[in-house]
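First comes the structure, then the notes that go with it.
By convention in this document, chain letters (A, B, ...) are assigned in the order of the sequence lines, proteins followed by strands, and residues within each chain are numbered from 1.
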Amino acid sequence: MSGGMHSATKSRVFSFLALSLMVRTRFAPSPTGYLHIGGVRTALFNWLFARKHGGQFVLRIDDTDVGREVAPALEAILHGFRWLGLDWDEGPEVNGPFEPYYQSQRSESHKQAVQQLLAAGAAYKDYSKPEEYQAERTAAEQEKRNFRYSRTWAAWTNEDEARFESEGRTAVVRLKMPEEGQIIVDDLIRGRVEFNCATEQDSVVARADGSVLYNLASIVDDHGMQITHVIRSEEHLSNTPRQIFIAQGLGYELPKFAHVPYVAEPSSRNKLSKRKLDKYLKNKEFAKLNDLGQAIAQQISLATSAETFNPVIVDFYEQVGFLADALVNYLLLLGWSLDDHTEDFSRQQMLESFSLERVNKAPASFDPAKLVSFQDRYMQKLPVKQKVALVLPYLQQAELVSSPPPCETSDKLKAIVEAAGERIKIAGDILDYTDFYTADDKLSYDEKAFAKRLTKPDDAVPLLTKFRSILANTLDWSAANLEQTLKDFMEAEGIGFGQIIHALRVATTGKAVGFGMFETLEILGKESTLARIDRALSLATSSIAS
RNA sequence: GGCCCCGUCGUCUAGCCAGGUCUAGGACACGGCCCUUUCAAGGCCGCGACACGGGUUCAAAUCCCGUCGGGGUCACCA
């Protein structure tokens, strides 16, 4: 084919393509103050889908049913999104062409939609009293009939309205669901799902005071914000026919729907909920993670409440020192997979490979142990320098290191982090290794270990005393040389490792377990090492005497 | 109860649409052994699933029907 298109045609074709290819997704959190693991997983899928297709990801705040305290609660949620690196193109703080992004401020368009529905005959004013409606319902239930509202108090004419109002009644607006026909949901994940209109209820879409309900607000706002793909949790699948009915009544072009399965409880198929913490705490792995977090929180004097600080809430992970990338990677694989072996995804790789087709249909349960294993892997990939930076704030909050840190901190901390190696899985784990910061005369000893390694063995005190005097004359305080020194000592004494090293470890760290012994001594330094040995020796001697 | 969705190792999953290469693969967890100054880590080995029953077919995890089980939803919540 030769010759170019006319440039105007070309640009029209281009803009048509751009428009039809444009993808806009949204996540609509309710400002409750914290982000739920399951919610974030859904948000992640929305974000990935939009980014993958070069589209926009919108954050809309569903604040219609909450009280005053929206601002601080919202701030916490936005903070969570920022931490996770899920940036939004439109929404709070950044705004955008479809303002406002708060559902509560869009009531005008909602009310207008209600009027349009009424005018189109897709909805009617219902003057029933709640108890009257409820009575019909109960009667149907008792007779084991499927309930459908009789529309006895529906107003079809102005005269009806006047009559009901003269009785002092007020009206809600209900959907006028057809008696026949089907509503088809063409779901990107679940395929074609059919609903019979006859089994759908005449749902209320607007209250007497004019405020509207979720099903209406949601689809109206989605349309108003030109959302092309509604990716949301499975529990909304049953709401979708109602929303489609509303959309049709309003003459909207339908967005594509994709209902992702919900995130289930650890080892169960039930939906994960922040309400059932007590139950989850009975799960071994969940409890372990929770305890770990609590221990860290305590040491850094973090005020926590069970409501907002537990492994169901995203904040928890940030506060105890998880890497956002690890959490996101884990969440990605909760209900989605690329193939039979790929587990590690950089953001770039996620964007390249994510697709709704490969989202699973069955719910996936949240597995704290697997999350931790992702975190571990991500942590160990980090260079020491970065680990140090991650870990330092925990020492500062625990008041073991001042802020800003003194100059010598960096080398010592680097040595500690290096010696700790893979023992530090999450940043807060550094608090397990704070003995290096404890004053020599304040070091506390693990009683059992002390008895077993120092008090009880007959040769422990004499051997340690002897080795102490050798250490006192050691000039080269490197781990390598210390190891050689100990080996020489062992040879001279004709003893094995086990006879001296445990006593040395307990004396210098107070514990039976820890890093490599020689790295430990090197970090501790000569002065502290000797002081601690002296103290341990005198404690051991006096306890043997008594 | 009506409607709708779902069902592969304890958990996350691959395989299912286009039946054979599946005595069902990987990962996490778990168990054992090795390494080792302790704890981690690492190495090796192991345990472990197609919900059930019919059918179609030379052949079924895969297709069809039924059963069972789990979940969601039926609000003047979102």
Report the distance from atom [atom1] of [X] to atom [atom2] of [N], rounded to the nearest whole Å.
| X | N | atom1 | atom2 | value |
| --- | --- | --- | --- | --- |
| A:H341 | B:C28 | NE2 | P | 14 Å |
| A:I77 | B:A78 | CD1 | P | 16 Å |
| A:W153 | B:C76 | CH2 | P | 15 Å |
| A:Q134 | B:C76 | CD | P | 8 Å |
| A:D344 | B:G26 | CG | P | 17 Å |
| A:L332 | B:A27 | CG | P | 18 Å |
| A:R174 | B:C74 | CZ | P | 14 Å |

Any strand is fair game: report the nucleotide pairing with [N] by Watson-Crick or G-U wobble, both distances under 3.5 Å, or none.
| N | answer |
| --- | --- |
| B:A29 | none |
| B:G7 | B:C68 |
| B:C58 | B:G20 |
| B:G2 | B:U73 |

What distance, rounded to whole Å, do you find between the two [atom1] atoms, one in [N] and one in [M]?
| N | M | atom1 | result |
| --- | --- | --- | --- |
| B:U13 | B:A51 | P | 15 Å |
| B:G31 | B:U38 | C1' | 22 Å |
| B:G7 | B:U62 | P | 12 Å |
| B:G25 | B:G71 | P | 30 Å |
| B:A24 | B:C52 | P | 15 Å |
| B:A60 | B:C50 | P | 16 Å |
| B:G2 | B:G10 | P | 31 Å |
| B:A61 | B:C9 | P | 15 Å |

Exercise. Heavy-atom distance under 4.5 Å between the side chains of A:L332 and A:L48, does that happen here?
Worked result: yes
[X] to [Y] six-membered ring, cation-pi geometry met (6.0 Å, 45°):
| X | Y | value |
| --- | --- | --- |
| A:R358 | A:F354 | no |
| A:R377 | A:F374 | yes |
| A:R174 | A:Y133 | yes |

For this session: Could you tell me how the ring of A:Y317 sits relative to the ring of A:F366: parallel (under 30°), tilted (30 to 60°) or perpendicular (over 60°)?
Result: perpendicular
For this session: Indicate, with a heavy-atom threshold strictly under 4.0 Å, whether A:N239 touches base, sugar-phosphate, or nothing.
Result: base
Seminar exercise, completed: All heavy atoms of A:F345 vs all of A:N329, minimum pair found to be N-OD1, 3.0 Å
Exercise. Are side-chain N/O atoms of A:S104 and A:D63 paired as donor and acceptor at under 3.5 Å?
Worked result: yes
Exercise. Okay, side chain of A:R453, backbone of A:A512: is any donor-acceptor separation there less than 3.5 Å?
Worked result: no
For this session: Spell out protein contact along nucleotides 1-17 of chain B as letters: B when the base is contacted, S when just the sugar-phosphate is, - when no protein heavy atom is under 4.0 Å; keep the 5' to 3' order.
Result: -S-SSSSS--BBSSS--
For this session: Classify every nucleotide of nucleotides 33-52 of chain B by which part a protein heavy atom approaches to under 4.0 Å, writing B for the base, S for the sugar-phosphate alone and - for neither, in 5'-to-3' order.
Result: ----BBBSS-----------
Exercise. Is the number of heavy atoms from other residues, nucleotides or ligands within 6.0 Å of CD (A:E447) greater than 12?
Worked result: no
Problem set entry | Pair A:K381 + A:D325: basic N to acidic O under 4.0 Å | no
